[in-house]
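So that the names make sense, note that chain A is the first sequence line, chain B the second, and so on, each numbered from 1.
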Protein chains: 2
Amino acid sequence: MQKELDKRDLNVLSVLQNEARISNVQLAERVGLSPAACWERVKKLEARGYIRRYLGEIALEKLPGTINFMVLVTLKTHRADDFIKFETDIQKSAHVVRCVAVGGGFDYILEVVVAGMEAYKDFLSGFLERNGHIEKYSAHVVTKNVKSQSVDLNVLFADQI
Amino acid sequence: MQKELDKRDLNVLSVLQNEARISNVQLAERVGLSPAACWERVKKLEARGYIRRYLGEIALEKLPGTINFMVLVTLKTHRADDFIKFETDIQKSAHVVRCVAVGGGFDYILEVVVAGMEAYKDFLSGFLERNGHIEKYSAHVVTKNVKSQSVDLNVLFADQI
DNA sequence: ACAATTGACCAAAGAATATTCGGTATTGGC
DNA sequence: GCCAATACCGAATATTCTTTGGTCAATTGT
């Protein structure tokens with residue numbers, strides 16, 4: 001199995017990234033392959049882990065009463081064990097939709113979705129306060145979704161395409 | 001056209017959110033509808049704007065040299081015009097994949113993807129420094145993608161389902 | 001150099017799916 | 001009661017998926 005992605009692979013990824021429900025026939029046309037060859041490539045990209053999954057972007061703000069907020073978290077202690085414990089807790093919470101570990105000033109950035117003010121308070125007092133590992137946090141309600149798009153692979157790897 | 005989402009709509013959204021490429025036949029089975037009825041529902045949900053689009057989640061960290069980072073931004077001034085200008089700039093940058101406006105302490109949180117150290121520095125010095133509206137910012141390199149999942153609509157609206 | 005192997009590709013075909021269409025039942029006004 | 005609107009189903013056609021077998025070119029081992 002080859003190690004790198006060629007131009008066509010990047011092309012396939014680039015299309016699927018933005019139009020996950022495109023038919024294989026159309027995708028094949030776009031990248032200049034026969035449907036069968038294209039299908040093989042997609043399956044391989046999936047198998048090799050370049051495509052994690054396909055998801056529908058739901059307009060959560062249209063659902064009544066949802067509150068979206070970001071939380072910056074600093075842990076008390078920074079041993080490997082502390083990180084693991086915190087991250088397992090995060091995985092369990094259905095309200096945390098995203099969590100990245102970051103460098104510089106604090107440790108994690110979370111994105112959280114709840115279904116109302118009550119759930120919002122419950123999350124902060126319940127989940128965060130009860131978690132013994134957290135030194136401090138700051139919660140920031142999302143007031144507007146300014147932008148949410150995929151990386152343009154053609155821009156990102158302009159030199160390789 | 002009805003205003004609310006019924007139990008089945010939430011069900012459909014819940015499935016499509018996580019498995020955007022599921023076949024309509026299988027989706028119909030899961031939500032207990034005929035394929036035709038299910039198809040109509042999906043099309044309506046799309047037309048009503050509850051489903052924004054379908055996207056493939058690409059494992060960017062597997063692509064060679066990509067750097068992912070978050071930026072917290074505070075604007076100098078806070079008139080409506082300042083926000084608009086900043087947001088238009090954001091829309092133009094292919095490297096900014098996400099931007100939310102937030103309350104509490106600072107104004108925006110950005111998520112940025114670049115293809116190497118050089119592009120990273122270029123972004124900070126170029127895009128951010130040159131933008132006259134920014135008072136201060138802090139950049140935080142993402143060291144680990146701890147979690148990235150969709151909201152569980154069944155949990156979020158447990159009472160309504 | 002030269003098989004043998006491998007991988008990517010294509011065309012074709014059968015299986016499965018999407019999408020359209022007509023028709024029925026239920027609902028909510030009027 | 002009656003009409004219109006809506007949600008649904010089953011069936012039919014158009015399109016697609018997925019498999020299969022075979023060609024070709026590049027790669028590998030000898």
Side-chain angles (χ1 to χ4, degrees), chain A residues 1-59 62-64 150 153-154 156-157 159-161, chain B residues 1-59 62-64 150 153-154 156-157 159-161:
Chain A
M1 183 173 281
Q2 85 285 10
K3 270 273 155 324
E4 287 288 350
L5 299 175
D6 63 11
K7 185 185 159 182
R8 278 175 170 164
D9 286 322
L10 281 174
N11 235 310
V12 169
L13 290 178
S14 183
V15 174
L16 280 179
Q17 184 176 229
N18 293 296
E19 297 164 62
R21 288 202 79 146
I22 193 176
S23 84
N24 182 57
V25 172
Q26 288 183 68
L27 177 58
E29 275 171 21
R30 289 241 211 131
V31 300
L33 281 176
S34 78
C38 182
W39 193 82
E40 277 180 11
R41 255 176 204 273
V42 171
K43 289 300 151 193
K44 274 180 196 160
L45 286 170
E46 288 172 3
R48 292 201 294 166
Y50 285 97
I51 303 173
R52 267 204 219 92
R53 58 186 179 144
Y54 302 97
L55 32 91
E57 190 178 300
I58 307 300
K62 296 195 72 171
L63 302 186
S150 312
L153 295 179
N154 296 305
L156 205 59
F157 298 102
D159 46 345
Q160 304 173 40
I161 297 183
Chain B
M1 183 174 278
Q2 84 284 6
K3 269 275 158 310
E4 288 288 351
L5 299 174
D6 64 10
K7 184 184 160 182
R8 279 176 169 163
D9 287 322
L10 281 173
N11 236 310
V12 169
L13 290 179
S14 182
V15 173
L16 280 180
Q17 183 176 229
N18 292 296
E19 298 163 63
R21 287 202 79 147
I22 193 174
S23 82
N24 182 58
V25 173
Q26 287 183 66
L27 176 58
E29 275 172 20
R30 289 241 210 129
V31 301
L33 280 177
S34 78
C38 182
W39 193 82
E40 278 180 11
R41 255 177 205 273
V42 171
K43 288 303 151 194
K44 275 181 197 161
L45 286 170
E46 288 172 2
R48 290 202 284 160
Y50 285 99
I51 302 174
R52 265 202 221 94
R53 55 186 183 147
Y54 301 97
L55 31 93
E57 189 178 301
I58 307 301
K62 296 195 74 172
L63 301 187
S150 314
L153 295 179
N154 296 304
L156 206 60
F157 297 102
D159 46 346
Q160 304 173 38
I161 298 181

Roughly how many Å is it from NZ in B/K7 to P in D/dA7, rounded to a whole number? 17 Å

Taking only residues two or more places apart in sequence, or in another chain, which ones meet A/E46 in a salt bridge (charged side-chain N to carboxylate O under 4.0 Å, His left out)? A/K43

Not counting sequence neighbours, which residues clear side chain to side chain donor-acceptor pair (under 3.5 Å) with A/N24? List them please. none

So, OP1 or OP2 of D/dC8: does either fall under 4.0 Å of a side-chain N or O from B/R8? yes

For the residue pair B/K44 and B/V12, establish whether any side-chain heavy-atom pair is separated by less than 4.5 Å. no

B/R52: which residues meet the salt bridge (charged side-chain N to carboxylate O under 4.0 Å, His left out) condition with it, sequence neighbours left out? A/E57, A/E61

May I ask you to test the B/Y54-A/I22 pair for a side-chain heavy-atom distance under 4.5 Å? no

With axes from five pairs an end, tell me the bend angle of the helix from C/dA1-D/dT30 to C/dA13-D/dT18, nearest 10°. 10°

Looking at D/dA7, I'd like to know if its phosphate oxygens (OP1 or OP2) sit under 4.0 Å from a side-chain N or O belonging to B/K44. yes

Atom pairs and distances, donor-acceptor, side-chain atoms in residues 27-37 of chain B, under 3.5 Å, two or more places apart:
from, atom 1, to, atom 2, distance (Å)
B/R30, NH1, B/E19, OE2, 3.3
B/R30, NH2, B/E19, OE1, 2.7
B/R30, NH2, B/E19, OE2, 3.1
B/S34, OG, B/A37, N, 3.2

Side-chain heavy-atom pair B/R41, B/N11 within 4.5 angstrom cut-off: no

Quickly work out the B/D9 CG to D/dT6 P distance and round it to whole Å. 14 Å

Rounded to the nearest Å, what distance is computed from the CG atom of residue A/D6 to the P atom of nucleotide C/dG7? 15 Å

So do B/D9 and B/D6 actually touch side chain to side chain, heavy atoms under 4.5 Å? yes

Length of the CZ-C1' vector between B/R41 and C/dT19, whole Å: 18 Å

Identify each atom pair where a protein N or O and an N or O of nucleotides 17-24 of chain D are less than 3.5 Å apart, giving names and distance.
from, atom 1, to, atom 2, distance (Å)
D/dC17, OP1, A/N24, N, 2.6
D/dC17, OP2, A/N24, N, 3.2
D/dC17, OP2, A/V25, N, 3.1
D/dT18, OP2, A/W39, NE1, 3.1

Report the distance from atom CG of B/L33 to atom P of D/dT6, rounded to the nearest whole Å. 18 Å

